[in-house]
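When a ligand or atom number is given, it counts from 1 through the structure's own listing order.
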Amino acid sequence: MRIVVKVGTSTLTHATGNLNIHRVEQLCKVMSDIKNAGHDMILVTSGATGMGVGKIGLSKKPQDLPTKQAMAAIGQCELMYTYDKLFSEYNHCVAQVLVTKADIDDEKHRQNFHNTLTRLLELKTIPIINENDSVATEEFFIGENDTLAVMVSININADMVILLTDIDGLYTADPRKDETASLIPVVEEITPEIMDLAGGTGSSFGTGGMATKLKAAKMAMEYGCNMVIANGSHPELLYDIVEGKAVGTRFIPKTSGGAEYDNA
Ligand code: GLU
């Protein structure tokens, strides 16, 4: 299988913004092992801005664009240094690809992105993708990596995209506030009722939340790609997800694979 794993800032960092070393080590170990079993693995990672903030020691996420972009530039190096070191321990080579919305919207750029990713997979590397936050200007921001992960999955015809986050999946209500909330294991259609279940963002450093995940799920399903939302606190859950076991919330498309990506 060709699998895209997206990991959010809340999974990669502690509440301080500093790296959650144990978590990232586990993630790289499990992804390396799944790759060793013969699957193509692609990582879409957030956390550049959060890690930049942690490294410089700011107390909260900056609001102005130049500082945000500076934090992303600092944190992206730290992120890649960490992934390179950890994946190397398991003999895997990583490759950084940074994209902006223009690279996905424009057909020529999109094809080029596809060619590069395909070649990187043929070369048995683990492509690690993030938005190019340091240079993207407002009109070219994707803004969050849930959508980016699905765009990447469609671009390279992935079989599955797994969004790792700080909650077990989609619930009938916010489990942090309502103890009767229960996990929804399977979603076959993104109805307005399902969209209504999404709350706001969870962590102070991330930008996503359930709403962006459900919008991303809708897009994945339209293009025939399976999607799973699962808890990134336990990266070993990836084994079960790949084996098709019931973990988190699974979004099942009506048709599988093959739809051509366009921007309509
Ligand atoms: N690209 C952003 C970063 O690396 C994260 C976007 C997101 O949180 O989804 O900081």
Taking distance alone, with no angle check, do [X] and ligand 1 share an N/O pair under 3.5 Å?
{"X": "A48", "value": "yes"}
{"X": "T49", "value": "yes"}
{"X": "T45", "value": "no"}
{"X": "N145", "value": "yes"}
{"X": "E131", "value": "no"}

**Per-residue contact class, N130 against ligand 1 - non-hydrogen pairs under 4.0 Å** =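 Side chain only.
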Side-chain heavy-atom pair [X], [Y] within 4.5 angstrom cut-off:
{"X": "L164", "Y": "L238", "value": "yes"}
{"X": "F113", "Y": "I156", "value": "no"}
{"X": "D146", "Y": "T165", "value": "no"}

**Prompt:** Below 4.0 angstrom, N of the basic side chain to O of the carboxylate: do E122 and R119 qualify?
**Reply:**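 Judged by the 4.0 Å cut-off on N to carboxylate O distance, E122 and R119 do form a salt bridge.
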**Item:** Salt bridge flag under 4.0 Å for residues D106 and K108
**Value:**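 Not counted as a salt bridge, because no side-chain N and carboxylate O are separated by less than 4.0 Å.
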**Message:** Is G47 close enough to touch ligand 1? Criterion: a residue heavy atom under 4.0 Å from a ligand atom.
**Reply:**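 The answer is yes, since G47 has a heavy atom less than 4.0 Å from ligand 1.
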**Item:** Hydrophobic cluster identity match, M80 and V5, side-chain contacts under 4.5 Å
**Value:**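 As far as the 4.5 Å side-chain criterion goes, V5 and M80 are connected within one cluster.
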